[in-house]
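Residue numbering restarts at 1 for every chain, and letters A, B, ... go by the order of the sequence lines.
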2 protein chains.
Amino acid sequence: MARTVDPALHARRREAILGAAGRLFAEQGFEGTTVAQIASAAGVSSGSVFYYFDDKPAVFRAVFEQALPHNEALIARHQGTEEPFAAILDVVAGLAADADDPSASGMVVELLRRIGHDEQLGVVVERASQVVREGLAGLVARGIEAGTVDPELDPADTATWLENIVDAAYLGARPGHSPLPALRRTVARYLEPGRTERV
Amino acid sequence: MARTVDPALHARRREAILGAAGRLFAEQGFEGTTVAQIASAAGVSSGSVFYYFDDKPAVFRAVFEQALPHNEALIARHQGTEEPFAAILDVVAGLAADADDPSASGMVVELLRRIGHDEQLGVVVERASQVVREGLAGLVARGIEAGTVDPELDPADTATWLENIVDAAYLGARPGHSPLPALRRTVARYLEPGRTERV
DNA sequence: GTCTATATTTAGATAGAC
DNA sequence: GTCTATCTAAATATAGAC
């Protein structure tokens, strides 16, 4: 059977390309980054990039496919929790973990923008986002049962809104100023029951 | 003295170009939009666009210079208010007014991304944003004095965070689902004094 | 002032040697 | 599998007619 001579080397090269691409895309944007730059930063030739990936958009998508396992782990960690309210805060903090890294901020913006332009990317991101959204929605529902989350909230809508708030934290990234405390306050107060306002 | 033959016509043409450009940039992004498309949509030739604007980035910047007066009016409206808390909610709602328009959402993302790439754009946006931020910070400070806003909040930081939350509302734009109620709840609860959590 | 036509540049993608 | 060299397409910006 035909097979790659050295799968490990193959994977290493592939990851070198993805690492370089991720950094460059975050700093310069998708269109602002050339395949030649990626190849150069990864220490391979321009032609090799097209051996590993079909085209430039495929490189961008692959960068985000790496995020999927991370998100799954984050949700799985809190599956059997007794404290859904605290679990939500922890998941949100995990999602926003590197929100104070300006390059992560650039990547998020670039991602949001390209979703509308690359249908296949939409599928990749939707898959990763769905894991988080369903996990959060489940935690919100359990928080409502436990009486620690406002029963007027719709779990699915709330999960989506929480994702948006996390994105906002990335947008507000400034060197030397972590948005995490404000994020935590925002989410905790949003969820709590027993306020006078109505949605 | 040399002067434009018909200033009114000149302005009309300029605005036709800006209108077309705004729509196309929002839908297709900056790089995804060609000057030829803008010209065609505005009913002029490609060459004419370069008569009205120095280059393509200048067209993009001009689209946002239009936002400055709108923001100023929004802040000015609440200058002498007796109810700073309500005023903040109103300003935020005004900023997010067209957050449920998907094309506005695309434009915000595109804007955030291009700020890092076009220094002059950064200046334009910073000017518009500063008006809002200072206005909001003033209202937060007055709310603290009035006892309706949590005194533990820093007015300047809070104003910045509120701007980020508004951006989140744009990101969450989905047809048939306005993010405004969630935004209102988020902001109101974030500001209120007398919770157990600490920032 | 506005057009048409085009020069210039650049980058994605491929062909074929090794 | 990886390289070098190159082809091709596209889009910005300009030159010059009207």
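- At the heavy-atom level, B:F53 lies nowhere under 4.0 Å from the strands shown.
- Following rounding to the nearest Å, B:E31 (CD) and D:dA10 (P) show an atom-to-atom distance of 17 Å.
- Looking at heavy-atom distances under 4.0 Å, A:T34 makes contact with sugar-phosphate atoms alone, never a base.
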When the side chains of residues 125-138 of chain B are checked against the rest of the protein, which donor-acceptor pairs come out under 3.5 Å, sequence neighbours left out?
unit_1: B:E126; atom_1: OE2; unit_2: B:R133; atom_2: NH2; d: 3.0
unit_1: B:S129; atom_1: OG; unit_2: B:R133; atom_2: NH1; d: 2.8
unit_1: B:S129; atom_1: OG; unit_2: B:E163; atom_2: OE1; d: 3.3
unit_1: B:S129; atom_1: OG; unit_2: B:E163; atom_2: OE2; d: 3.1
unit_1: B:Q130; atom_1: NE2; unit_2: B:E134; atom_2: OE2; d: 3.0

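- Separating the NZ atom of B:K56 from the C1' atom of D:dA13 is a distance of 12 Å, rounded to the nearest angstrom.
- The CG atom of B:D55 sits 8 Å away from the P atom of D:dT14 (whole-angstrom rounding).
- Among C:dA13, C:dT4, D:dT2, the nucleotide with an atom closest to any side-chain atom of A:S46 is C:dA13.
- B:D6 has its CG atom 12 Å from the C1' atom of C:dG1, to the nearest Å.
- Within the 4.0 Å cut-off from OP1 or OP2 of C:dG1, at least one side-chain nitrogen or oxygen of B:Y51 is found.
- Whole-Å rounding puts the A:H10 NE2 to D:dG1 P distance at 6 Å.
- B:R77 places no side-chain N or O within 3.5 Å of a backbone atom of B:D90 that could act as its donor or acceptor partner.
- The interatomic distance linking A:F30 (CZ) with C:dG12 (P) rounds to 8 Å, in whole Å.
- Rounded to whole angstrom, the span from the CZ atom of A:F50 across to the C1' atom of D:dT8 amounts to 13 Å.
- Using bins of under 30°, 30° to 60° and over 60° for the plane-to-plane angle, the ring pair A:Y190/A:W161 lands in the tilted bin.
- Atom CD1 in B:I17 sits roughly 13 Å away from atom P in C:dG1 (whole-Å rounding).
- Salt-bridge formation is detected for the pair A:E110/A:R113: a Lys NZ or Arg NE/NH1/NH2 atom is positioned less than 4.0 Å from an Asp or Glu carboxylate oxygen.
- The phosphate of C:dC3 has OP1 or OP2 within less than 4.0 Å of a side-chain N or O from B:S48.
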